[in-house]
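The block underneath contains the structure these notes are about, expressed in structure tokens.
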Amino acid sequence: MKKTALVTGGTRGIGGGISRALHEAGYLTAANYHLGAANAEKFSDETGIPVFSWDVSDYESCKRGMAEVCEKLGGSADILVNNAGITRDAMLHRMEPADWRAVISTNLDSVFNMCRLAIPAMREKKFGRIINISSVNGLKGQVGQSNYSAAKSGILGFTKSLALESASKGITVNAVAPGYVSTDMTGAIREDVMESIKNSIPAGRLGRVEEIADLVLFLAGDKSSFITGSVFSINGGQYL
Ligand code: NDP
């Protein structure tokens with residue numbers, strides 16, 4: 001029987017690449033998104049991957065979305081990729097409480113929400129793969145990103161704790177910490193700032209969505225069964 005996979009924020013950028021890779025590898029894949037309906041419909045038409053809208057920062061919304069996905073896939077997700085994320089950059093002395101809250105709830109509460117809903121069925125099946133998308137800036141910090149870095153760093157502690165709780169149940173829980181990758185999120189960065197970021201990457205370029213997706217695909221597969229609680233840097237040597 002085909003394994004099932006669910007990718008949050010899975011209709012564009014890194015998540016879009018991950019959904020495609022899982023689908024092409026033969027997983028029954030579903031992709032979540034939030035407000036980008038037109039893009040999601042286009043993505044679904046192009047790939048054949050069913051798409052579902054809900055807000056990952058809201059537990060009840062996740063519950064409803066997960067139920068829809070379960071019905072469509074004919075069962076709960078064997079593989080969960082927590083990828084959805086946002087930035088609301090500002091120096092802390094100018095950061096609005098709403099920007100702190102939005103980033104923490106979308107990037108970190110979401111991981112609790114989705115894992116809390118997915119883990120009981122994984123424990124019952126004695127199989128699961130959870131892959132949480134963190135960031136190089138969760139490892140090293142970044143000016144203007146105290147909210148984002150806190151959320152992405154929080155994901156690492158969460159990942160390790162859930163890995164310890166789940167290892168005896170055939171469930172692995174890992175984090176992937178990408179460096180800068182060319183997507184809409186990085187497209188919003190000012191050109192001169194982006195130039196200096198590029199200069200700080202020993203590989204001399206941004207990462208590609210496909211490179212992140214290939215790593216996630218490996219972690220989703222059977223060959224990674226002894227890897228859990230790990231954090232994978234994939235950043236062209238930017239931070240070691
Ligand atoms: P994009 O901005 O390109 O895409 C973000 C995705 O998340 C979209 O599908 C969006 O849905 C979805 N999303 C946002 N908020 C919500 C929400 N409340 N509920 C459900 N879905 C939501 O991001 P990237 O592809 O660049 O980034 C993907 C992940 O990788 C993020 O977690 C990011 O922090 C992380 N990352 C990115 C890096 C980069 O350089 N790009 C580097 C390191 C980490 P919709 O289309 O509906 O808006």
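As the structure lists them, so they are numbered: ligands from 1, and atoms in each ligand from 1.
- For ligand 1, the polar-atom distance check against Ile14 finds a nitrogen or oxygen pair separated by under 3.5 Å.
- No donor-acceptor pair under 3.5 Å is formed between the side chain of Thr106 and the backbone N or O of Ile86.
- Salt bridge status for Glu46 with Lys42: present, with a side-chain N to carboxylate O gap under 4.0 Å.
- Residue contacts with ligand 1 for Val56 involve both N, CA, C or O and side-chain atoms from C-beta outward (heavy atoms, distance under 4.0 Å).
- Checked by atom type, the side-chain pair Tyr180/Asn137 shows a donor-acceptor distance below 3.5 Å.
- Polar contact with ligand 1: absent for Ser135 (N/O pair, distance under 3.5 Å).
- The ligand atoms of ligand 1 that sit less than 4.0 angstrom from a heavy atom of Gly9 are 6 (C), 7 (O), 9 (O), 12 (C).
- Of the possible donor and acceptor atoms, none in the side chain of Asp109 sits under 3.5 Å from a partner among the backbone N and O of Ser57.
- Contacts with ligand 1 closer than 4.0 Å are made by backbone heavy atoms (N, CA, C, O) of Ser134 only, the side chain lying farther away.
- For NZ of Lys140, the number of neighbouring non-hydrogen atoms (other residues, nucleotides, ligands) closer than 6.0 Å is greater than 12.
- With salt bridges taken as basic N to acidic carboxylate O contacts below 4.0 Å, none links Glu165 and Arg116.
- When only non-hydrogen protein atoms are considered, atom 36 (N) of ligand 1 lies nearest to Tyr148 OH, 3.5 Å.
- Under 4.0 angstrom from ligand 1, the non-hydrogen atoms of Ile86 all belong to its side chain.
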